[in-house]
2 protein chains.
Amino acid sequence: MTKEDWKKYSDVDGECAVRNVLDRLGDKWSMLVIIVLGVEGTLRFNKLHQVIGDISQKMLTVTLKSLEADGLVSRTVYPEIPPRVEYALTERGASLLPHMEGLAEWAATHMEGIYASREKYIGS
Amino acid sequence: MTKEDWKKYSDVDGECAVRNVLDRLGDKWSMLVIIVLGVEGTLRFNKLHQVIGDISQKMLTVTLKSLEADGLVSRTVYPEIPPRVEYALTERGASLLPHMEGLAEWAATHMEGIYASREKYIGS
DNA sequence: AAAATTACTTACTTCTACGTAACAAGCTGA
DNA sequence: TCAGCTTGTTACGTAGAAGTAAGTAATTTT
């Protein structure tokens, strides 16, 4: 990726597609949902809720909707009573997994040093 | 990365180091600042401000401080008048660059399909 | 007839990230 | 003497992100 390629990521005109796409993944839960679906495979709503643990029901639905809108997660409804809805990564969502794994591995590798830095740092 | 490895990323007890580290990078400006410093090399405050274009002065200082606290960016003050302060990536910050490039390339590749998905999607 | 199940929705409140604009320090050149 | 340069800080306000808790629908179980 060259210097020229990167120029376009600072959107002076407010129209940077890359930033627009990544902003959605930068919220509190999207990455985690993708990772969990990637690791566990297809999951129902309540199971997802239980695996993540500390997400509220509302934020789980909101996050899933946004991921579904972007075509990263598929939603399959089985018209039974009580209802059954299964969530899974789409191909596009799965293609994102390696990058998230890369980031997470980086974080796991460096977190000790980062914590040490934070403690030493005296903000003005 | 195995299933067991990922288990720890859902922090039921509120203590997930990976999430703690990545949360700082998920804000509006951190990734962009790292990318710009990675591409352009060492930069002074005002130059950084000008290259990014649409960041406020306050958010640039806040973002830089947080990156400095985490040891991702170095800050060098030259005691001159008017002052000169240079920012650059540390080794740790530079080690993050490939992952960001990976993400950005993924976004550039998929943004067209994602935009199409968003338009087709009818949220309830 | 009451309670449980599943997958949500809605209303309300709280929190925090971010933006704007003014001010500050300390020397320099007009 | 006074505006101007660079790198910030401070006070203040707001929009949107996120949390809480209750409600809903349709059916089976007790």
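To find a chain, count down the sequence lines: A is the first, B the second, and so on, and within it residues start at 1. Heavy-atom basis, side chains included; hydrogens, waters and symmetry copies ignored.
- Looking at heavy atoms from C-beta onward, A:M111 lies out of side-chain contact with B:N20 at the 4.5 angstrom threshold.
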A:R19 and B:D54: salt bridge (Lys or Arg N to Asp or Glu O under 4.0 Å), yes or no, with the steps?
CA-CA 13 Å; A:R19 276 168 72 178; B:D54 58 345; 3.7 Å; yes
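- Neither A:I81 nor A:V77 shares a network with the other; the hydrophobic side chains, linked directly or stepwise wherever heavy atoms of I, L, V, M, F, W or Y lie under 4.5 Å apart, form separate groups for each.
- Proximity of B:Q57 to B:H49: side-chain heavy atoms (C-beta onward) are separated by under 4.5 Å at one or more points.
- Between the side chain of A:T90 and the main chain of A:L72, a donor-acceptor pair closer than 3.5 Å is present.
- Between the CD atom of A:Q50 and the P atom of C:dA7 there is a distance of 12 Å, rounded to whole Å.
- If you check residues 78-90 of chain B against DNA chain D, the residues with a heavy atom closer than 4.0 Å are B:P82, B:P83, B:R84, B:V85, B:Y87, listed by number.
- Annotation: side chain of B:V18 is not in contact with side chain of A:L103 (no heavy-atom distance under 4.5 Å).
- Here the side chains of B:I52 and B:I55 are in contact, with some heavy-atom distance below 4.5 Å.
- At least one side-chain heavy atom of A:W106 sits less than 4.5 Å from a side-chain heavy atom of B:S95.
- Rounded to whole Å, atom P of D:dT6 lies 15 Å from atom CG of B:L60.
- Taken residue by residue, residues 41-49 of chain A places heavy atoms nearer than 4.0 Å to DNA chain C at A:R44, A:F45, A:N46.
- Partners of B:R44 by salt bridge (Lys or Arg N to Asp or Glu O under 4.0 Å), not counting sequence neighbours: none found.
- B:V21 has its side chain out of reach of A:H110: every pair of non-hydrogen atoms, C-beta onward, lies at least 4.5 Å apart.
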Please list each protein N or O that sits under 3.5 Å from an N or O in nucleotides 18-24 of chain D, with the distance.
residue	atom	partner	partner atom	Å
D:dA18	OP1	A:K28	N	3.0
D:dG19	OP1	A:K28	NZ	3.1
D:dG19	N7	A:K58	NZ	3.3
D:dG19	O6	A:K58	NZ	2.5

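- Counting only residues at least two apart or in different chains, salt bridge (Lys or Arg N to Asp or Glu O under 4.0 Å) contacts with residues 78-96 of chain A comprise A:E80-A:R84, A:R84-A:E86.
- Across its full length, the helix from C:dA1-D:dT30 to C:dA30-D:dT1 shows an angle of 20° between the axes of its 5 terminal pairs at either end, rounded to 10 degrees.
- Shown here for B:L37 and B:A88, the closest heavy-atom pair between the two residues is CD1-C, 4.3 Å.
- Side-chain contact between A:L64 and A:Y87 is present, with heavy atoms from C-beta onward closer than 4.5 Å.
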